[in-house]
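Residue numbers count from 1 along this sequence.
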Amino acid sequence: MKKKKLLSLLLAASMTLSLAACGGSSDKEEASGNDTVVEEGGGTITLGMIGPLTGSLAVYGTHIEKGVKLAIEEINAAGGVTLSDGTYQMAVETKDDQGDSTECVNAINALISDGVGLVVGSATSGCTSAITSIANSEGVVLITPSGTADSLTTTMDYVFRTCFRDSFQGELAAQYALDEGYTKVGIVYCSADTYSAGLRDAFVAACGKLGLEIVAEESVATMTEVDYTNQFNKMVSSGAELVFTPFYYDVMGPYLVPQARSAGFTGVLLGADGVDNTETTIPAGADLSVYNDVMFVNHYATELATSDVSANFVASYQAKYGETPNNFDALAYDAVYVYKAAMEACGSADAESVQAALADTSVVYDSTCGTFSFDDTGTPIKNGVLMGYTYTEGDDAVSKVAIESLSLS
C-alpha cells in the first residue's frame with residue numbers, strides 16, 4: 001500500500017454566492033409557523049439555531065453557533081440583507097437540544113412559537129430526523145449543517161443541508177480503501193444509531209460494488225458504549241487491514257481507538273465526519289502513538305481548497321475567536337450565507353419564498369467547502385477530503401492533518 005504525504009491542516013473559508021432572482025416582495029411578516037421573525041422598516045431578520053450546546057456532543061453545537069454568529073456579524077457589517085422593501089440586519093435565536101431528540105423537538109416548537117421560520121440545525125442526524133416532519137408540516141425551512149443521514153432530505157420539501165449525505169461518505173471511504181490497495185476490511189458500528197447504521201449500510205453497498213471483501217463485522221447497541229475489546233479481538237482474528245468505524249469523537253478518543261490498539265489491531269481506523277474533534281477527547285496520560293493511522297472522511301480542508309473564500313473565512317474566524325475553525329464552523333457559516341442569498345433572490349424572508357429559491361438546482365454556491373449546487377433533494381453535490389491524526393515521538397499532542405481530496409472514480 002502506498003503512503004501519502006500528510007499535510008498540516010489549515011482550516012479556512014468564506015463565501016460568495018450567486019443566485020438567479022425569483023421575484024416576490026416582503027411586507028412586515030408576522031410571527032406565524034411559516035414566516036420568520038422580521039421587523040418592518042429596516043429592522044431585523046431572526047434566524048433560529050438548534051444544536052447541542054451542552055452534553056457529550058457540545059463541541060458540535062458550540063462550533064455551529066460560532067459559525068452562525070460569525071456569518072451574521074459579517075453580513076450586518078456589510079450592510080445586512082437587501083429585500084424588496086428595504087435592508088435588514090440579522091440576528092439569531094439559539095436553542096440547546098443537548099444532543100437529545102426530544103429536546104430537539106422542544107427546541108423547534110419553541111422557535112415556531114416565537115415566529116421563526118428559517119432555522120439552522122440540528123447537528124446530528126438523529127436529532128435532525130426528529131424535526132424534519134415538523135419543519136415540513138409547519139412550513140419552516142430547515143438547513144442542517146451536519147446532519148448527513150440520507151433520509152433527512154427528500155425532493156422539494158423544506159429541509160436542506162450544507163453537508164453531503166452518508167451514502168456519499170460511505171462510498172468515498174470504500175473508494176479510498178480500494179485506491180490504497182486494501183483487500184480485507186472490517187466494520188465496527190452502532191446498529192441502533194441513525195448516523196452510524198446509515199454509514200455502515202453505505203459502506204457495505206460500496207464495498208460490494210468495488211469488490212472489497214468484508215472479513216468481519218461487529219456492532220454495539222448504543223453510541224455510549226465504552227468497551228470495544230471483543231469487537232476488535234474479532235477484527236484482529238479476521239485479518240482485517242482497515243476497519244470502518246462510523247462513530248462520534250466522544251467514543252473514538254477515549255474508548256475505541258485505545259482499545260482497538262490494545263486488542264492488537266495495528267491497521268487503519270477509518271471513520272466519517274463525526275470523528276472530527278477526536279483530539280479533544282484523548283484522555284490525559286494516554287499513549288498518543290495509538291492515534292496514528294486514525295483517519296476520517298470530512299467536508300473540507302482549507303489547504304486543499306485554497307480560494308480567497310476559504311482564506312477570508314479563516315482570517316475572520318481567527319480574528320473573532322482566537323482559534324482555528326473546524327468543519328462545523330464552516331458548514332454552519334455556509335448555511336447562513338445560503339439563507340442570505342435565497343432571501344435576496346426572492347426579495348423576501350417568507351419561508352415559502354425562501355424554500356422556492358433554495359429548491360432551484362441551477363443555483364451555484366461558492367462556499368467554504370468549495371463550489372456546489374443542491375440536488376433535487378436539497379443536498380449539495382460536492383467532493384470530500386480525507387483527514388486524520390498523526391503523532392511524532394516527543395510531541396505534546398497529536399496533530400490533525402489533511403491527507404488528500406476525495407472523489408468517486
Side-chain angles (χ1 to χ4, degrees), residues 49-68 94-108 120-131 144-149 152 163 166 169 188-200 219-229 231-232 244-260 269 271-286 288 290-291 294 296-299 321 323 325-332 387 389 397-398 400:
M49 189 228 107
I50 302 173
L53 301 177
T54 58
S56 63
L57 300 179
V59 167
Y60 294 163
T62 53
H63 277 283
I64 287 172
E65 184 178 37
K66 286 179 177 179
V68 167
T94 62
K95 298 293 182 183
D96 179 12
D97 66 19
Q98 304 171 35
D100 178 81
S101 295
T102 300
E103 292 298 326
C104 194
V105 170
N106 293 338
I108 197 169
V120 177
S122 181
T124 66
S125 293
C127 282
T128 306
S129 67
I131 60 175
T144 171
S146 51
T148 51
L152 296 182
C163 56
D166 282 339
Q169 289 199 87
V188 177
Y189 76 106
C190 176
S191 59
D193 181 74
T194 302
Y195 172 79
S196 189
L199 279 164
R200 173 265 174 200
S219 66
V220 295
T222 72
M223 288 290 270
T224 57
E225 178 61 57
V226 298
D227 187 356
Y228 297 84
T229 304
Q231 286 76 14
F232 276 94
F244 187 55
T245 55
F247 288 92
Y248 294 132
Y249 69 101
D250 61 331
V251 163
M252 294 294 292
Y255 307 119
L256 191 148
V257 174
Q259 290 172 14
L269 296 169
D273 60 338
V275 174
D276 198 3
N277 297 296
T278 289
E279 74 277 12
T280 67
T281 62
I282 296 174
L288 300 182
V290 304
Y291 295 90
V294 176
F296 58 100
V297 177
N298 210 2
H299 301 268
Y321 297 115
E323 62 184 21
N326 72 12
N327 184 51
F328 295 92
D329 299 299
L331 294 169
M387 299 179 68
Y389 294 97
V398 299
K400 183 161 60 177

Check: S196 side chain, Y189 main-chain N or O, donor-acceptor pair, under 3.5 Å
no
Short side-chain to backbone donor-acceptor contact, Y195 and D166, under 3.5 Å
no
Testing D273, V275, D276, T280 one by one against Y249 for a side chain to side chain contact (heavy atoms under 4.5 Å, CB included), which residue passes?
T280
If you measure from CE on M387 to CG on N298, what distance do you get to the nearest 0.5 Å?
5.5 Å
Check for a donor-acceptor pair, side chain of T194 on one end and backbone N or O of G126 on the other, with a separation under 3.5 Å.
no
Side chain to side chain contact (heavy atoms under 4.5 Å, CB included) partners of L288, counting only residues at least two apart:
I282, Y391, V398
Under 3.5 Å, is there a donor-acceptor pair between the side chain of Y248 and the main chain of S56?
no
Of all heavy-atom pairs linking L53 and M49, the shortest is CD2-CE, 4.2 Å
Restricting to side chain to side chain contact (heavy atoms under 4.5 Å, CB included), what partner residues turn up for A58, sequence neighbours left out?
none
Can you name the nearest heavy-atom pair linking T245 to F232, along with the distance?
CG2-CZ, 4.1 Å
Interatomic distance, I108 atom CD1 to I131 atom CD1 [nearest 0.5 angstrom]:
4.0 Å
Look up atom CG in N277 and atom CG in N326, then write down how far apart they are to the nearest 0.5 Å.
5.0 Å
Contact summary for A272 and L199, nearest pair of heavy atoms:
CB-CD1, 3.6 Å
Nearest heavy-atom pair of P52 and Y60: which atoms, and what distance?
CG-CB, 4.2 Å
Qualifying residues under side chain to side chain contact (heavy atoms under 4.5 Å, CB included), relative to A332, sequence neighbours excluded:
I64, V68, P145
Salt bridge (charged side-chain N to carboxylate O under 4.0 Å, His left out) partners of E279, counting only residues at least two apart:
K400
Only one of T62, N106, T54 clears side chain to side chain donor-acceptor pair (under 3.5 Å) with D96; which?
T54
Closest non-hydrogen atom pair, G99 against C127:
C-SG, 3.5 Å
Do any N or O atoms from the side chain of S191 and from the backbone of A221 form a donor-acceptor pair under 3.5 angstrom?
no
Does Q169 use its side chain to pair, donor to acceptor, with the backbone of H299 at less than 3.5 Å?
no
Please report the closest heavy-atom contact between D250 and T281, naming both atoms and the distance.
CA-CG2, 4.1 Å
Test side chain to side chain contact (heavy atoms under 4.5 Å, CB included) applied to V220 - qualifying residues, sequence neighbours left out
C190, E225, Y228, Q231, F247
If I take atom CD1 from residue I50 and atom NZ from residue K95, how far apart are they, to the nearest 0.5 angstrom?
9.0 Å
Apply side-chain hydrogen bond (donor to acceptor under 3.5 Å, both in side chains) to S122 and list each qualifying residue two or more places apart in sequence or on a separate chain.
D97
Between the main-chain N or O of G253 and the side-chain N or O of Y291, is there a donor-acceptor pair closer than 3.5 Å?
yes
Minimum side-chain heavy-atom gap V59-F328 below 4.5 Å
no
Let me confirm one number: the OG-CG distance from S146 to L331, rounded to the nearest 0.5 Å.
6.5 Å
